[in-house]
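Let me begin by handing over the structure; questions about it come next.
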Amino acid sequence: MKNATILFVISALAIFFTNCTNKSDEYIDPRGTDYAGSESCIQCHKIEYDMALKSSHYKATAPAILGNVLGDFDSGNHTFIYDKDTKLVMEKRNDSLYQVLYKNGKEVESHRFEIVFGAKHAQTSVYWRDNNTYELPVSYYNSINNWATSPGFPADKPYFDRMVVKDCYSCHSSNTSSRNVNQSSEDKNFLSMEVEDLIDKKTIVYGIDCERCHGPAKKHAEFHLKNPNVKVANSIVSYKSLNRQQKLDACALCHAGNDGMKMKSRFDFKPGDNLSDFYRNTRSISDTATFDVHGNQFRLMSQSKCFVNSDKMDCITCHNPHENASKNMASYSKICMSCHQAIKHTDKTLKTMSGSLLADNCVECHMPKKSSNAINFQLSNSKQLSSYILRTHRIGIYPAAKK
């Protein structure tokens with residue numbers, strides 16, 4: 001009887017500790033219990049998941065560990081000169097990376113790369129200070145394979161005080177939560193209350209993940225793992241089920257600029273929601289003002305006759321959101337020609353190249369690359385301002401492109 005009791009107690013303890021272990025190992029998403037985490041998608045959507053891992057969406061933010069940070073830290077091409085006495089050096093110290101400020105050869109300030117933003121065209125980074133993130137003054141640009149000033153930063157003096165607030169993360173991450181701290185301060189004859197928005201590190205979900213675009217997936221994953229023969233998507237947003245405007249709004253959330261009147265946080269947006277409930281535009285699509293090529297893809301496309309005259313064209317017509325834009329321009333030309341088969345180039349245009357070559361280069365002529373007025377930078381020891389070059393999404397006729 002005594003042995004049976006001991007065996008029962010041991011069994012009960014084993015079950016208890018097993019349950020504790022399972023609970024501690026269970027993934028808990030900072031967004032809430034309705035979320036399963038992108039890794040849960042691998043079981044049924046491995047092809048899409050593997051593509052997404054390499055995409056600019058997924059790499060929109062990442063922890064600044066070795067392997068995630070672009071740029072040279074070891075050779076002579078890792079120093080930014082402000083003046084003869086002041087320089088900023090990109091340095092590797094143990095397993096961490098730093099931007100280190102030197103004056104007259106003496107280290108005066110150093111900040112660690114904590115989070116990186118972007119990977120395709122360029123990459124900027126931030127460091128943590130007092131529960132907020134601040135942009136580092138020098139970024140890496142793939143177009144020049146070199147370090148240069150972060151957008152809008154001065155080239156004649158170092159600057160470490162530009163705060164990267166929560167709203168900046170809303171297009172570069174899938175979640176960032178904050179906590180409000182009330183701070184009282186006496187200002188002459190009255191007491192004012194200042195609210196500081198602090199970012200909670202533990203709540204950051206890096207990059208644009210599956211659930212940011214498809215909504216919470218826990219019920220979806222549980223259902224289809226139990227019912228593998230059911231092929232119709234259950235408890236998840238399928239873009240096939242959305243109407244044209246809903247599809248456009250899902251992309252325009254982050255690809256239509258951010259100069260509108262903010263109504264709600266972008267983090268609250270779920271696919272199928274109306275963008276007008278989150279941002280109220282201060283400028284109409286038909287506004288003759290020029291939208292910058294950076295971050296305004298939707299509004300530029302909406303000015304195009306191709307878009308205006310179509311009742312079906314949306315972002316997914318040309319792009320697979322699970323992967324980066326193709327570098328094969330001919331693949332886009334096939335999409336153009338599916339609607340423009342009857343269009344003939346003029347004799348003047350045909351003098352530039354043959355009709356067959358023109359048919360494979362629609363994008364180069366009708367969506368040329370343009371300089372961004374929003375993203376400018378300067379190289380070390382240079383007074384010249386350089387621009388970020390991006391392809392415009394306003395489809396049109398550009399006489400200069402013919403040349």
Looking only at heavy atoms, what is the nearest atom pair of Leu88 and Gln99, with distance?
CD2-OE1, 3.2 Å

Is it true that, when you exclude Asn243 itself, more than 12 heavy atoms of the residues, nucleotides or ligands shown sit nearer than 6.0 Å to its CG?
yes

For a 4.5 angstrom cut-off between non-hydrogen side-chain atoms, does Lys305 reach Ile395?
no

Does the ring centre of Phe298 sit less than 6.0 Å away from the ring centre of His393?
no

Indicate yes or no for a side-chain donor-acceptor contact from Asn361 to the backbone of Glu364 under 3.5 Å, with no hydrogens or angles considered.
no

Under the ring pair (Phe, Tyr, Trp, His ring centres under 6.0 Å) rule, what do Phe269 and Phe267 come out as? Steps first, then yes or no, please.
CA-CA 5 Å; Phe269 183 94; Phe267 284 123; over 10 Å; no

Would you check if Ser326 and Tyr332 make a side-chain contact, meaning some heavy-atom pair closer than 4.5 Å?
yes

Could you walk me through whether Tyr169 and Val205 satisfy the side chain to side chain contact (heavy atoms under 4.5 Å, CB included) test, starting with their C-alpha distance in whole Å, then the side-chain angles of each, then the deciding distance to 0.1 Å, before giving a yes or no?
CA-CA 10 Å; Tyr169 287 85; Val205 178; over 6 Å; no

Please assess Ser125 against Glu114 for the test side chain to side chain donor-acceptor pair (under 3.5 Å), listing each intermediate value before the final yes or no.
CA-CA 7 Å; Ser125 308; Glu114 302 274 12; over 6 Å; no

Would you please test Tyr98 and His111 for ring pair (Phe, Tyr, Trp, His ring centres under 6.0 Å) and show each step?
CA-CA 5 Å; Tyr98 290 82; His111 296 287; 9.1 Å; no

Report, as yes or no, whether the 6.0 Å neighbourhood of atom NZ on Lys369 holds more than 12 heavy atoms from other residues, nucleotides or ligands.
no

Check: Asp292 side chain, Ala374 main-chain N or O, donor-acceptor pair, under 3.5 Å
yes

Side-chain donor/acceptor of Arg391 to backbone N/O of Met367, under 3.5 Å:
yes

What is the ring orientation for Tyr388 with His294, classed by angle as parallel under 30°, tilted 30 to 60°, or perpendicular over 60°?
perpendicular

Within the structure provided, determine whether Leu97 and Leu66 are in side-chain contact (heavy-atom separation under 4.5 Å).
yes

Roughly how far, to the nearest 0.5 Å, is the NZ atom of Lys370 from the OH atom of Tyr398?
5.5 Å

Under 4.0 Å between a Lys/Arg side-chain N and an Asp/Glu carboxylate O for Arg244 and Asp249?
no

Strictly distance-based, threshold 3.5 Å: is any side-chain N or O of Thr203 a donor or acceptor partner for the main-chain N or O of Pro30?
no

Main chain of Ser276, side chain of Asn274: is a donor-acceptor contact present, judged purely on distance under 3.5 Å?
no

Between the OG atom in Ser387 and the CG atom in Leu390, the distance rounded to the nearest 0.5 Å is 10.5 Å

Would you indicate whether the side-chain heavy atoms of Thr317 and Ile335 approach each other to under 4.5 Å?
yes

With no hydrogens and no angle check, do the side chains of Asp360 and Ser333 hold a donor and an acceptor under 3.5 Å apart?
no

With a 4.5 Å heavy-atom cut-off, do Tyr35 and Asp209 have their side chains touching?
no

Residues that Tyr102 engages under ring-ring contact (aromatic ring centres under 6.0 Å, His included), provided they are two or more places apart:
none

Identify the two heavy atoms, one from Leu275 and one from Ala252, that lie closest to each other, and give their separation to 0.1 Å.
CD2-CB, 3.7 Å

Lys NZ or Arg CZ of Lys157 over Tyr82 ring: under 6.0 Å, within 45°:
no

Check against salt bridge (charged side-chain N to carboxylate O under 4.0 Å, His left out), Asp200 and Lys202
CA-CA 6 Å; Asp200 187 345; Lys202 296 178 181 179; over 6 Å; no

Show, in sequence, the C-alpha distance, side-chain angles and deciding distance for Ser173 and Thr176, and conclude whether the side chain to side chain donor-acceptor pair (under 3.5 Å) test is met.
CA-CA 7 Å; Ser173 73; Thr176 307; 3.1 Å; yes

Using 0.5 Å steps for rounding, measure from the OG atom of Ser235 to the CG atom of Asp34.
10.0 Å

Got a salt bridge between Lys87 and Glu109, using NZ or NE/NH1/NH2 to carboxylate O under 4.0 Å?
no

Least distance between heavy atoms, Val293 atom then Leu300 atom:
CA-CD1, 4.0 Å

In this structure, are over 12 heavy atoms from other groups packed under 6.0 Å from Lys270 atom NZ?
yes

Donor-acceptor contact present, side-chain Gln303 to main-chain Arg394, <3.5 Å
no

Gap separating the NE2 atom of His322 from the CG atom of Leu53, nearest 0.5 angstrom:
11.5 Å

So that I can tick it off, tell me whether Lys264 and Asp273 are bridged by a salt bridge, with the cut-off set at under 4.0 angstrom between side-chain N and carboxylate O.
no

Taking the side chain as every heavy atom from C-beta outward, state whether Tyr134 and Arg162 have any atom pair closer than 4.5 Å.
no

Look at the side chain of Gln43 and the backbone N and O of Ser40, then say whether any donor-acceptor pair between them is shorter than 3.5 Å.
yes

Heavy-atom pair of closest approach, residues Ile236 and Gly215
CD1-O, 3.7 Å

If you look at every heavy atom in Asn328 and Ser331, which pair is closest and at what distance?
O-OG, 2.5 Å

When rounded to the nearest 0.5 angstrom, what is the spacing between CD1 in Ile375 and OG in Ser386?
13.0 Å

What's the verdict on side chain to side chain contact (heavy atoms under 4.5 Å, CB included) for Val138 and Thr149, showing C-alpha distance, side-chain angles and the deciding distance?
CA-CA 4 Å; Val138 171; Thr149 57; 5.6 Å; no

Indicate yes or no for a side-chain donor-acceptor contact from Thr124 to the backbone of Ser150 under 3.5 Å, with no hydrogens or angles considered.
no

Using atom types as modelled and distance alone, determine if a side-chain donor or acceptor of Arg266 lies under 3.5 Å from a backbone N or O of Ser170.
no

Determine, stepwise, if the pair Phe73 / Trp147 fulfils ring pair (Phe, Tyr, Trp, His ring centres under 6.0 Å).
CA-CA 10 Å; Phe73 286 80; Trp147 298 95; 5.5 Å; yes

Is it the case that Arg112 places NZ or CZ above or below the six-membered ring of Tyr127, under 6.0 angstrom from the centre and within 45 degrees of the axis?
no

Nearest atoms (heavy-atom pairs only) where Val230 meets His224:
O-ND1, 3.3 Å

Donor-acceptor pair, distance only, cut-off 3.5 Å: does the side chain of Thr133 make one with the backbone of Val164?
yes

Nearest-0.5 Å distance, NZ of residue Lys103 to OG1 of residue Thr86:
3.5 Å

Would you confirm whether the ring centroid of Tyr141 sits within less than 6.0 angstrom of the ring centroid of Phe377?
yes

Apply ring pair (Phe, Tyr, Trp, His ring centres under 6.0 Å) to residues Phe117 and His172 and explain how you reach the verdict.
CA-CA 7 Å; Phe117 285 69; His172 289 270; 5.3 Å; yes

Enumerate the side-chain hydrogen bond (donor to acceptor under 3.5 Å, both in side chains) contacts for residues 47-59, please, sequence neighbours excluded, ordered by first and then second residue.
Lys46-Asp50, Ser56-Asn324

Residues which pass ring-ring contact (aromatic ring centres under 6.0 Å, His included) with Phe307, listed by chain and number, not counting sequence neighbours
none

